[in-house]
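Quick note on labels: first sequence line is chain A, next is B, and so on, each numbered from 1.
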Protein chains: 2
Amino acid sequence: MKNRTMAGSIGAEIRQRILDGHYPAGSQLRQDGLAAEFGASRIPVREALFQLEAEGLVRIHPHRGAMVAPLSPAEAAEALELRGALEPRLLALSAPRLTADDFARADTLLDEYAAALRAGATARWGALNTDLHLLLYSRAERPRALGLVGSLLAECDRYTRLQLSTDGAELERADREHREIVRLCRNGHVSAACALLVDHIAHVAAALMAFLGDGPGSTKSARIV
Amino acid sequence: MKNRTMAGSIGAEIRQRILDGHYPAGSQLRQDGLAAEFGASRIPVREALFQLEAEGLVRIHPHRGAMVAPLSPAEAAEALELRGALEPRLLALSAPRLTADDFARADTLLDEYAAALRAGATARWGALNTDLHLLLYSRAERPRALGLVGSLLAECDRYTRLQLSTDGAELERADREHREIVRLCRNGHVSAACALLVDHIAHVAAALMAFLGDGPGSTKSARIV
DNA sequence: GGTGTTGAAATTGTATAAAATCATTCGGGC
DNA sequence: GCCCGAATGATTTTATACAATTTCAACACC
């Protein structure tokens, strides 16, 4: 446990379980049960839930408890819209300042990504994707925007995980685009990298919308929630 | 008190006091003192502080307490950058859907603004500015972006309040631009309104940066923090 | 048969009190 | 004289206990 406070570590664990799908979307998160599960009191659990609500992963209704934020096409679209508005700006600021160590770490992430791709380990993909994107923006010196994009990436991972259970071809395309973005950044072609990033996010959005619209269920929200 | 929970009303009150300057930037917020001040326990105070930290108005260091988020030119610049990235998109989506009632309410806000301007009541200005901007974006159907912009507007108000103590001319310019934006939206000139909004935010940013740089103190951060 | 009401059970919100952590200060050693 | 370390004080963090609110179900009533 690297977190100094219990609320922080509990929050990190709950976040992980939400992203893993261990706590399904829309399910109630009872403070008492969580407290018993973590061997703690309800107060650090409450604080963890508040933090997760700020990140958008949990919804809290006063006197009615907390639930895992439901998945809806509208919210996925909004999250991807925000990513499309913010990430290119961050990349434009950060790319010229990326160091050799940063690119080395990016290569490592890309290799891990490819390994997970061959192994079919979709569980690792979400974290790797988030780490790569945040690494590319890390030199922008925009801490608030960076934290916000981190939350958005986590939220998008929840939807992408659904999508990947039926369609794995998107992963290869994402891998190619990631490699190309890194390559363009390394060679100093910042504006080209940003343009490709815009396409990348737009394509993820389009594919996800197509998937959410053509889901096996009859109605969209019913299938997802 | 319209809030259903005590933590909510305490949070609203603390937020108001931060925006009013009643709790100055960088000052410690002791849970015990706040609890005594509100006649409540420390737990709802804690939850209120967590919520305010998510909005960016409060910084919490584990085991070291909470403080009002300090003011720095870098953070002001980032907040205005984010506003510049988000608000035009929201206006483009919302403007075509604004109703007659919305415009009537906008006129009311503009009149109140003008009245406050004549009376020299800069205290009212922040809330009116926030309300007007959020009203213009309210039909975009982007709840997450709207909440985020609300937080950014609140944060910007803290800096603008500083600036207005020495320079009141900016208020008139803002008033003119607000009226023009509303007029363009009402007449269906959405893209022109968005372009003016971009200029509006850019000008606020430039004026604020000039003020923060030319402050009476020698160094920038020392004067502000 | 449908609807409104009333009661109990469960869950959340709050208060009080104990435990852990951090900053400070005083004393001792180099 | 200056730096390092332990005790002290304050503050946060967590646990336990209590109060307020909501929800669900049974039941009377229209």
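For DNA chain D, the residues of residues 31-43 of chain A within the heavy-atom distance limit of 4.0 Å (strictly under) are A:A40, A:S41, A:I43, sorted by number. Near DNA chain C, meaning a heavy atom under 4.0 Å away, there are no residues from residues 48-56 of chain B.
Counting any heavy atom pair closer than 4.0 Å across all strands shown, B:A7 reaches sugar-phosphate atoms only and no base atom.
A:L19 contributes atom CG, which lies 7.0 Å from atom CZ of A:R161 (distance to the nearest 0.5 angstrom). For the atom pair CG (B:L146) and CG (B:L153), the distance works out to 9.5 Å, reported to the nearest 0.5 Å. Atom-to-atom distance recorded for B:D20:CG and B:R17:CZ is 9.0 Å, nearest 0.5 angstrom.
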Give me, pair by pair, the N or O atoms of the protein and of nucleotides 20-22 of chain D that are less than 3.5 Å apart, along with how far apart they are.
| residue | atom | partner | partner atom | Å |
| --- | --- | --- | --- | --- |
| D:dT22 | OP1 | B:R4 | NH2 | 3.2 |

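At a threshold of 4.0 Å, the pair B:R89-A:E81 does not count as salt-bridged, since none of the basic side-chain nitrogens sits closer than that to a carboxylate oxygen.
Of the residues near DNA chain D, A:P44 and B:R30, the one whose nearest nucleotide (by heavy atom distance) lies more toward the 5' end is B:R30.
With sequence neighbours left out, the side chain to side chain donor-acceptor pair (under 3.5 Å) criterion links A:R59 to A:E75. Scored by the salt bridge (Lys or Arg N to Asp or Glu O under 4.0 Å) test, B:D131 finds no partners at all (sequence neighbours excluded).
The outermost nucleotides of DNA chain C lying under 4.0 Å from heavy atoms of chain A, listed 5' to 3', are C:dT11 to C:dC22.
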